[in-house]
Amino acid sequence: MLSPLRITALLGALLLGLSGRVVAADIDAATYGYPLTNPFEATITSTPADLRPLLPTDLEIDQKDYSINLRPEREHELPDNFWAVKKLHYRLAQQDRPAPLIFIIAGTGASYSSSTPEYLKRLYYSAGYHVVQLSSPTSYDFMAAASRQATPGYTPGDAEDLYRVMQAVRAQHPKLPVTKYFLTGYSLGALDAAFVSKLDESQRSFNFSRVLLLNPPVNLLTSVRNLDRLVQTQVNGITNNRTFYELVLAKLTRYFQQKGHVDLNEALLFDFQQSPQRLSNEEMAMLIGTSFRFSAADIAFTSDLINRRGLITPPGYPIYQGTSLSRFFARALQCDFDCYMYDQLLPSWERTTKGTGLAELARQSSLTALESYLKESDKIGVMHNADDLILGPGDIGFLRRTFGNRLTLYPLGGHCGNLNYRVNADAMLEFFARG
Amino acid sequence: MAKFLCLLPLLFSAYAFADTTSSTLPAAPVGGDGFTNPLSTLKFNPGLDQREFERASLNALDVYDPLESWNRRIYHFNYRLDEWVLLPVVNGYRWVTPGFVRSGVTNFFSNLGDVSNLLNSMLQLKGKRALNTTGRLLFNTTIGVFGLWDPATRMGLAKQSEDFGQTLGFYGVPSGPYLVLPLLGPSNLRDASGFAVDTLAESQVNYLNVSQESGRHPEILLLRGINLRYITNFRYGQLNSPFEYEKVRYVYTEARKLQIRE
């Protein structure tokens, strides 16, 4: 005979099964405990130091940078002063025993050695995995050394480039004892990871057992336009004689003068926002937007140079190690993501794939293009924030419908600001521990 | 030099300024799916056509750099030297010495550097700072055993760097053309001259006999160089941008202005 308790449990399971929907794990704001309620601050500063997980230092990690020569033709195509990016560099941290290997894909414009991939490496290394850190397909070094078209933004194409890199990385370490493969990425790297996972279903090189997407864009166009818009906020105090940077630096100077000395440490950053010189939300938004505009300028310049499009650098212009690039920088700075898409990505994509129009390009490049695959794939999980600035209305709804209980939605954190919060770190480790 | 490099991530990564007690945001309409739409809380310029990013960035590119061609070549030279010689040496140093030895070395040379910090604080008539640094020298040289430990910082006497370049800037000497020095990296005419004066002054003071002994034992100088690279976080290529030269130039220039004004 069934006890009432078991009947209820059975009923619950039935109802859940009948409704056909499993609900996302919504993390309640009260129990979450993340201290930064302002998404712009969270994005800029990430988690206060004492709330981060304890992680191994460089000395405790057996790691090395390696390089692979994937596009030997670039040796001649690229001017001499790009010598440092003619081979693709990546970082491998290895365990001294058989272990799973996790690939980490960096976000927009970011190198494998930037702070977030470094953090993720320490985290997963501490869990006993081999870790490979890869630059984003939108980063300067990846574009120059690994990308076939050197025109990133069409995600299926970027995923193919990444897949080839991963295969080359594995071929470089035939003796590394790998038990299984994991994959993760943050921001744009999370979107890349989803497409790489899809590609792996047909190519079967890695058979990833778990894939975790951290703060991916859902509709690429929405995210890109949000980022472009950040430099359009109204900032008070900008005059003909004072640019935005001068305004921020003046605040920093006043802050240091009042403090009496320059003391650069992590606590400084927190202290600064408590001072009268603290930045407003509009100023923080513009600062975040500025950092992304510099990425856009790098992408526009590098893509144009490698493909000899002549939009920024005249084709054949002699560039030696002593040649000033400042005027090309000045020109590239004028180009935001939207400009790059229209001037370079779209024409290149239309020529190579016979597709038409930005709407179609964006559709094929967004997470929504993988809806049915993501719905079926239990191995893929996603973590996102309700206050992420790269999302638009309806995006979280899509994630809920598509991932069900494989979505963990945090109430706070802005864009990737809570990745290094202890609660998130535990959840990330647990996700892979189950695989 | 090490200090300005700390400013790099500050200005060029998204991780720049922070807070624990957050400011208030106007309540945003929460969508049915839980999205709080942070951008909807911001005041935007109505036409969405301001060109402040472009104006500010072009303005920042405007650094007096008449020797740019030479500077860029030395920049590439330093980049290669760093990859092929300096970083491997630093890695070897890290490999063969235990952590407490390395921090002892760092503290020892840092204590020597306080001599020039003291001289320059006095030259700028910064009495409080001069007293602070005098206290540091006294405690670190005695209790800290010739500066191998740094008890002064724990006693609340923070290190306050002043060099002759800053002293010159304090009295209104303009920075002059931007320079990239072999081995040492970004500088300008004023700061490079300042560095020469500081080096000369140090050998005259001959504190703890180190300058004199360095003449006889060049390995002391070598250790000092290795330590300098060891404590400097900057890595060439770290900004991962084709325009790293311009960005480093701007950050160096602004960081020095900030140090002089403070």
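Below, chain A is the first sequence line, B the second, and so on; all start at residue 1. Just so it is clear, the values below take in all heavy atoms, side chains as well, and ignore hydrogens, waters and symmetry mates.
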* Please state whether the side chain, the backbone, both or neither of A/T302 comes within less than 4.5 Å of a heavy atom of chain B. => side chain
* Asked: Got B/L239 and A/F294 here, is their nearest side-chain heavy-atom distance under 4.5 Å?
  -> no
* **Value rounded to 0.5 Å, distance of CG in B/L39 from CZ in A/F40** => 5.5 Å
* Part of B/N59 lying under 4.5 Å from any heavy atom of chain A -> side chain
* Go through the atoms of A/A110 and report whether side chain, backbone, both or neither lie under 4.5 Å from a heavy atom of chain B. => backbone
* What part of A/D395 is in contact with chain B, defined as an atom under 4.5 angstrom from a non-hydrogen atom: side chain, backbone, both or neither? -> backbone
* Closest non-hydrogen atom pair, B/R102 against A/L59 -> NH2-CD1, 3.6 Å
* **Modelled atom types, side-chain donor and acceptor of A/D387 and B/T36, under 3.5 Å** => no
* Using a cut-off of under 4.5 Å on heavy-atom pairs, state which of B/F44, B/F77, B/Y75 scores highest against chain A. => B/F44
* Asked: What distance do B/F35 atom CZ and A/R400 atom CZ have between them, rounded to the nearest 0.5 Å?
  -> 12.5 Å
* B/R72 to A/G322 - nearest heavy-atom pair and separation -> CD-O, 3.7 Å
* Taking all atoms of both residues into account, what is the closest heavy-atom pair of A/D298 and B/K247, and its distance? -> OD2-NZ, 3.8 Å
* To do: Taking the side chain as every heavy atom from C-beta outward, state whether B/Q238 and A/S113 have any atom pair closer than 4.5 Å.
  => no
* So which of B/R73, B/E68, B/R55 has the biggest tally of heavy-atom pairs under 4.5 Å with chain A? -> B/R55
* Asked: Can you tell which of A/N81, A/D58, A/L230 has the highest number of heavy-atom pairs within less than 4.5 Å of chain B?
  -> A/N81
* To do: Would you mind checking which part of A/I299 comes under 4.5 Å of any heavy atom in chain B, side chain (CB onward), backbone (N, CA, C, O), both or neither?
  => neither
* Asked: At what distance, to the nearest 0.5 angstrom, does CG of B/N240 lie from CE of A/M143?
  -> 11.0 Å
* Is any side-chain heavy atom of A/W83 less than 4.5 Å from a side-chain heavy atom of B/R80? -> yes
* Roughly how far, to the nearest 0.5 Å, is CG of B/N37 from CG of A/D388? -> 11.0 Å
* **Neighbours of chain A found in residues 90-100 of chain B - heavy atoms under 4.5 Å** => B/R94
* Among the options A/P411, A/S139, A/G392, pick out the one with the most heavy-atom pairs lying under 4.5 Å from chain B. => A/G392
* Close side-chain approach of B/E262 and A/T253, heavy atoms under 4.5 Å -> no
* Hey, what do you get for CZ (B/F243) to CZ (A/F301), rounding to the nearest 0.5 Å? -> 4.5 Å
* A/L252 vs B/L258 side-chain heavy atoms within contact, under 4.5 Å -> yes
* Structure fact -> Looking only at A/E246, A/Q334, A/R229, the option with the highest number of non-hydrogen pairs under 4.5 Å against chain B is A/R229
* Let me know if A/Y320 has heavy atoms under 4.5 Å from chain B in its side chain, its backbone, both or neither. => neither
* Structure fact -> Given A/I238, A/L247, A/V231, A/N385, the one with more heavy-atom pairs under 4.5 angstrom with chain B than any other is A/I238
* Asked: B/P38 and A/P39: which non-hydrogen atoms are nearest, and at how many Å?
  -> CB-CG, 3.7 Å
* Asked: What part of B/L61 lies closer than 4.5 angstrom to a heavy atom of chain A: side chain, backbone, both or neither?
  -> side chain
* Structure fact -> Of the listed A/M286, A/R242, A/H89, A/E282, the one with the largest count of heavy-atom pairs under 4.5 Å with chain B is A/E282
* To do: For residues A/L333 and B/F53, determine if any side-chain heavy atom of one lies less than 4.5 Å from a side-chain heavy atom of the other.
  => yes
* To do: Determine whether the side chains of B/Y245 and A/S326 contain a donor N or O and an acceptor N or O closer than 3.5 Å.
  => no
* Top of B/P242, B/G34, B/G32, B/A56 for chain A proximity - count of heavy-atom pairs under 4.5 angstrom -> B/P242
* **Separation between CD of B/Q259 and CZ of A/F256, rounded to the nearest 0.5 Å** => 9.5 Å
* **Top of B/G47, B/P46, B/S57 for chain A proximity - count of heavy-atom pairs under 4.5 angstrom** => B/S57
* Structure fact -> Correct closest heavy-atom pair for B/E254 and A/L249 would be OE1-CD1, 3.3 Å
* **Student check: side-chain heavy atoms of A/Q234 and B/Q50 closer than 4.5 Å** => no
* Among A/Y245, A/F244, A/F82, residue most engaged with chain B (heavy-atom pairs, under 4.5 Å) -> A/Y245
* Contact class of A/R254 relative to chain B, heavy atoms under 4.5 angstrom -> neither
